[in-house]
Amino acid sequence: MIGGSLARRYARALRDIGQEDRQVRQVLSEVEEFAHRLDQSPGLREVLEAGHVNRRDKQSALDQVLSRAGFLPSTNSFLSLLVDKGRMNVLLPILGELRRMVEELEGIERVGVSVPIPMSPPQKERLKEMLERRTGKKVVLEETVDPAVLGGLVVRVGSTMYDGSVRTQIRQIRENLQKG
């Protein structure tokens, strides 16, 4: 996947620069803030991503935003490089990769949890504590409500899935009955 490897390369370079400056979390926050500004301003996004707008005009538009933002020089240079190379359309994949890399450095694991109804705060806390003990990392739960789960839950830790859903249990019972 060309876009994925490109995003990883840019994210790795930005992470490395942030680590050298001991400001990797700050760099991530600033890139997230810039991406949010792009979401809030479709006109700016269009100018920065458009093929028919020349680089000088793109750079001018970016400079106006960055002059008010107060970002680190490394963040400004990175965003400027994206505009110069015509890669602003890859910002979100880069941001996703950078977030993953920074969280890996900080020992954070994002865990997806699918449940039929929202979990209560005590349930979330118990699950989070159990997963932190099991993974040895700080866990951030990303809850998704999916009525198709029926009951129980499905947990995704990295590439591993733990399926404790009633739907899967019913399917397994049905398969066992069909086998005889």
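For reference, positions follow the sequence shown, starting with 1. Treat the numbers as computed from the prediction; the structure is a model and nothing was measured.
- Considering only residues two or more places apart in sequence or on other chains, Glu143 meets the salt bridge (charged side-chain N to carboxylate O under 4.0 Å, His left out) condition with Lys124.
- Heavy-atom minimum distance, Leu48 versus Ala61: CD2-CB, 4.5 Å.
- Residues Asp63 and Val65 are not in side-chain contact: their nearest non-hydrogen atoms beyond the backbone lie 4.5 Å or more apart.
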request  = Go through Arg156 and Val113 one step at a time and tell me if the side-chain contact (heavy atoms from CB on, under 4.5 Å) criterion holds.
outcome  = CA-CA 6 Å; Arg156 272 174 238 82; Val113 181; over 6 Å; no
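- Hydrophobic clustering (ILVMFWY, side-chain heavy atoms < 4.5 Å, transitive): Val24 and Leu79 are in one cluster.
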Side chains of residues 70-78: which donor-acceptor pairs under 3.5 Å do they make with residues two or more places apart or in other chains?
from	atom 1	to	atom 2	distance (Å)
Thr75	OG1	Glu30	OE1	2.6
Ser77	OG	Pro73	O	3.0

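- The structure places CD of Glu33 at 11.5 Å from CG of Leu38, a figure rounded to the nearest 0.5 Å.
- The side-chain heavy atoms of Leu141 and Leu127, taken from C-beta on, include a pair separated by under 4.5 Å.
- The CE atom of Met119 lies 10.0 Å from the CZ atom of Arg126; values are rounded to the nearest 0.5 Å.
- Hydrophobic clustering (side-chain heavy atoms under 4.5 Å, transitive across Ile, Leu, Val, Met, Phe, Trp, Tyr) keeps Ile108 apart from Met101.
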Quiz: residues 164-171 side-chain donor-acceptor pairs under 3.5 angstrom, not counting sequence neighbours:
from	atom 1	to	atom 2	distance (Å)
Ser165	OG	Asp163	OD1	2.6
Ser165	OG	Thr168	N	3.2
Ser165	OG	Thr168	OG1	3.0
Thr168	OG1	Asp163	OD1	3.1
Thr168	OG1	Asp163	OD2	2.5
Arg171	NH1	Glu175	OE2	3.3

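- Although no hydrogens or angles enter the test, the distance criterion places a donor-acceptor pair under 3.5 Å between the side chain of Ser67 and the main chain of Gln64.
- The two residues Met161 and Val154 come nearest to each other via the heavy atoms SD-CG1, 3.5 Å.
- The side chain to side chain donor-acceptor pair (under 3.5 Å) search around Asp146 returns none, not counting sequence neighbours.
- Taking Arg45 as the reference, Asp39, Glu49 meet the salt bridge (charged side-chain N to carboxylate O under 4.0 Å, His left out) condition, with sequence neighbours excluded.
- There is a path of hydrophobic side-chain contacts, each under 4.5 Å, that joins Leu131 to Tyr162.
- Residues Ser120 and Gln123 form a side-chain contact, since some pair of their non-hydrogen atoms from C-beta on lies under 4.5 Å apart.
- One distance of note links CG of Leu62 with CG of Asp57; it measures 12.5 Å at 0.5 Å rounding.
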ask   = Between Glu103 and Arg110, does a salt bridge (charged side-chain N to carboxylate O under 4.0 Å, His left out) hold up when you go through it step by step?
value = CA-CA 9 Å; Glu103 288 176 350; Arg110 288 195 177 269; 2.7 Å; yes
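- Cluster membership for Val31 and Leu44, using ILVMFWY side-chain heavy atoms within less than 4.5 angstrom, is shared.
- Rounding to the nearest 0.5 angstrom, the gap separating the CZ atom in Arg174 from the CD atom in Gln172 is 11.5 Å.
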Show the atom names and distances, to 0.1 Å, of all donor-acceptor pairs under 3.5 Å that link a side chain in residues 83-98 to residues at least two apart or in another chain.
from	atom 1	to	atom 2	distance (Å)
Asp84	OD1	Arg55	NH1	3.3
Glu97	OE1	Arg100	NE	3.4
Glu97	OE1	Arg100	NH2	2.9

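- With a 6.0 Å radius and a threshold of 12 heavy atoms from other residues, nucleotides or ligands, Glu142 has its CD atom above the threshold.
- With respect to the salt-bridge test (charged N to carboxylate O, under 4.0 angstrom), the residues Arg25 and Glu106 qualify.
- The distance from the CG atom of Leu153 to the CD1 atom of Ile117 is 11.5 Å, given to the nearest 0.5 Å.
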message = If you apply the rule side-chain contact (heavy atoms from CB on, under 4.5 Å), what do you find for Val27 with Ile17, and how did you get there?
response = CA-CA 9 Å; Val27 168; Ile17 291 167; over 6 Å; no
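- Rounding to the nearest 0.5 angstrom, the gap separating the CG atom in Leu28 from the CZ atom in Arg99 is 6.5 Å.
- Taking the side chain as every heavy atom from C-beta outward, Glu109 and Val111 approach each other to under 4.5 Å.
- Residues Leu14 and Leu66 share a hydrophobic cluster, clusters being chains of Ile/Leu/Val/Met/Phe/Trp/Tyr side chains in contact below 4.5 Å.
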